[in-house]
Number of protein chains: 2
Amino acid sequence: MNERRVTLASVAERVGVSAITVSRALRTPEKVSPPLLEKIQRAIADLGYVPDPAARALASGRTNVIGVLIPSVTNNVFSDVLRGIYAAVEGEPFEIQLGNSRYSPVMEETLLRVFLSQKPAGLIVAGIDQSAASRKMLETAPCPTVQIMELGPDPIDMMIGFSHYDGAAAATRHLLETGSRYPAFVGARMDPRTQRRFAGFRDTCEAAGLFSEARCITTPAPSTVTLGTQLFADLIARHPKIDGVFCNNDDLALGILFEAQRRHIRVPADLTICGFNDLEMMAVAEPSITSVRTYRYDMGRRAIEMISARIRGGDGDTPAVVDLGFQLQPRQSTARAG
Amino acid sequence: MNERRVTLASVAERVGVSAITVSRALRTPEKVSPPLLEKIQRAIADLGYVPDPAARALASGRTNVIGVLIPSVTNNVFSDVLRGIYAAVEGEPFEIQLGNSRYSPVMEETLLRVFLSQKPAGLIVAGIDQSAASRKMLETAPCPTVQIMELGPDPIDMMIGFSHYDGAAAATRHLLETGSRYPAFVGARMDPRTQRRFAGFRDTCEAAGLFSEARCITTPAPSTVTLGTQLFADLIARHPKIDGVFCNNDDLALGILFEAQRRHIRVPADLTICGFNDLEMMAVAEPSITSVRTYRYDMGRRAIEMISARIRGGDGDTPAVVDLGFQLQPRQSTARAG
DNA sequence: CTGTTAGCGCATTCAC
DNA sequence: GTGAATGCGCTAACAG
């Protein structure tokens, strides 16, 4: 290290004012006379002063930390949300603290407690299935909180997401409308959102009298393209008549496409494939794959914006619940002779 | 909020000891008598006490924060590294602070200054092309630092990565050995690592007398599968004789595969495709795609381990530079008649 | 093994 | 518009 640490006091000394004035120059520059302000700013630049966040947090009782609690960092879906979050934070005086609950409610509680000990500026949590203890902590948290990914009946505070059930139902309807009579479901990592998508598939098929449990295959393992190939191989071996598959995400759908090609099953003539999330590559795959577009990036971005608005705007004009919706991207519409 | 904040003092009062004893029970339990320790631990649990990290940081002059400075959160490659980092941190008393330099040296310096103000436990930075100012900050940083992604001649402190040049050269040699006489290069987001890969391709082709600048197409835009389809379409329109493509990553390679299928170009009979990074899906694509496997997850995990070892082990036995290597995964070996 | 004293660097509250 | 006193919650260094 060069000299001693550069503190508020050392900047103050150099300019010939008191420390509190420098502090004000930093936080509320309009309350410092212009000439003084300029001198202080120059001194800060000269000395390379950077405020100590710990001291600031201790003295003020708050921080710029926004805690983000997600169940998985592996999952592609969350990485899009995180991109949105990081993009929105750029330029704002916030920093992100990530917590990975690994799909465990106990872990979620622990992490929440840790987050809260940091006196965060805001909290973002994935999903609506918090444990009672977690819910209570969030309800009494002295900061804005946003539940993301899903919509539900009683938001803790703010909420932004879409209906996984409806998205899956729309996709399944499309599958049936384009002629599938033996629709199948392929699912991995059966988390709450995946379960709701499955419910959307099941109910839609049942309404049409076309549901069969036997044509559904799921696993708790995380989704991969490879897993898609394997699950489809299992499924088609047992049920060769399958003519349409709804996958709980695009990785699986891509795997199914590859496996179908390998087996010379014509897509979409013999088999239509529908994914979920609409990854960028779905549109350019050969053939392109139907999917349900979801707005993951926007979800992250707007979650930050909601917190930000609440912090500065006081309150009132920020909508508490935002439905981002979804959009079916039909790409294999080969209506068969039913 | 329920009552007042639970502090060390309130725990101490409840047990009937002084605050410092509770502090010790937390950090160095072996220095507290067993019966007292147990009483303190119970009180902590009863009260739900969680230490205030800001106060701790201010008093001790250090934190558990490991700063991670990467040029992009969008890039798939970094998300694998981050997975490794988060996995390794699990169980360790560290927390991660992410910084996104957006490929800007100036931004990198700013972020470094912010990181340093937090008195981090360690620093991880991507690449070896830091600005002079950044280098100096890192060199004088009072914590272990690791440069990741690449290897280079003079490490600032520790370093873990592999040679992008050698990886690309190996892939290109394979391309030529399996019969490509009109090899092409497709690259996006030409960052320093991509540039070195391009150099590996160029030098290898030149050595074989098969390099042509005209068959190389690049763009500063970030890689996507869609971009791969477009770049390949451009390239093949201008140079129909192309019979092998080395892509600077797998997204592009996949796009090229799709575009080739669309145009009924037989892969690998008429065109061999080679990617870089060996994403999980490369092996199950139809046909599967040759790629260079790199150990991104391990890179993240071990970077944390290196820092951790340095912190506890004092120093000495931790290797300063780790070459993770790479491994060519040949998957389209159709030697043509040269 | 336990306690006392002091202070980390900053922001809050009140004076001026 | 500026400054002085005080304390945030914890830990370092020493004492006992």
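Labels below follow one simple rule: chain letters A, B, ... track the order of the sequence lines, proteins then strands, and each chain is numbered from 1. All values derive from a computational prediction rather than experimental measurement.
- OP1 or OP2 of dT2(D) has not a single side-chain nitrogen or oxygen of Thr21(A) nearer than 4.0 Å.
- Residue Lys119(A) contributes atom NZ, which lies 7 Å from atom C1' of dG9(D) at whole-angstrom precision.
- Annotation: salt bridge (charged side-chain N to carboxylate O under 4.0 Å, His left out) contacts involving residues 78-104 of chain A, sequence neighbours excluded, comprise Asp80(A)-Arg83(A), Asp80(A)-Arg296(A), Glu90(A)-Arg102(B), Glu92(A)-Arg312(A), Arg102(A)-Glu90(B).
- A distance of 10.0 Å separates OG1 of Thr7(B) from CG of Asp52(B), quoted to the nearest 0.5 Å.
- For the residue pair Ser23(B) / Arg27(B), a side-chain donor-acceptor distance below 3.5 Å is found, with atom types taken as modelled.
- Atom-to-atom, CG of Leu58(B) to C1' of dG7(C) comes out at 9 Å; the value is rounded to the nearest Å.
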Contact state string [nucleotides 10-16 of chain C, B base, S sugar-phosphate only, - no protein heavy atom under 4.0 Å]: BSB----
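- No side-chain donor-acceptor contact under 3.5 Å links Ser101(B) and Ser104(B).
- For Ser33(A), a side-chain nitrogen or oxygen approaches OP1 or OP2 of dT2(D) to under 4.0 Å.
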What donor-acceptor contacts under 3.5 angstrom involve side-chain atoms of residues 144-154 of chain A, with partners at least two apart or in another chain?
| from | atom 1 | to | atom 2 | distance (Å) |
| --- | --- | --- | --- | --- |
| Gln147(A) | OE1 | Ile156(A) | N | 3.0 |
| Gln147(A) | NE2 | Gln130(A) | OE1 | 3.2 |
| Glu150(A) | OE1 | Arg196(A) | NE | 2.4 |
| Glu150(A) | OE1 | Arg196(A) | NH2 | 2.7 |
| Glu150(A) | OE2 | Arg193(A) | NH1 | 3.0 |
| Glu150(A) | OE2 | Arg196(A) | NH2 | 3.3 |

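- Side-chain N/O atoms of Ser18(A) include none lying less than 4.0 angstrom from OP1 or OP2 on dT2(D).
- Separating the CD atom of Gln118(A) from the P atom of dC10(D) is a distance of 13 Å, rounded to the nearest angstrom.
- Side-chain atoms of Asp191(B) and Thr194(B) form a donor-acceptor pair, as typed in the model, at a separation below 3.5 Å.
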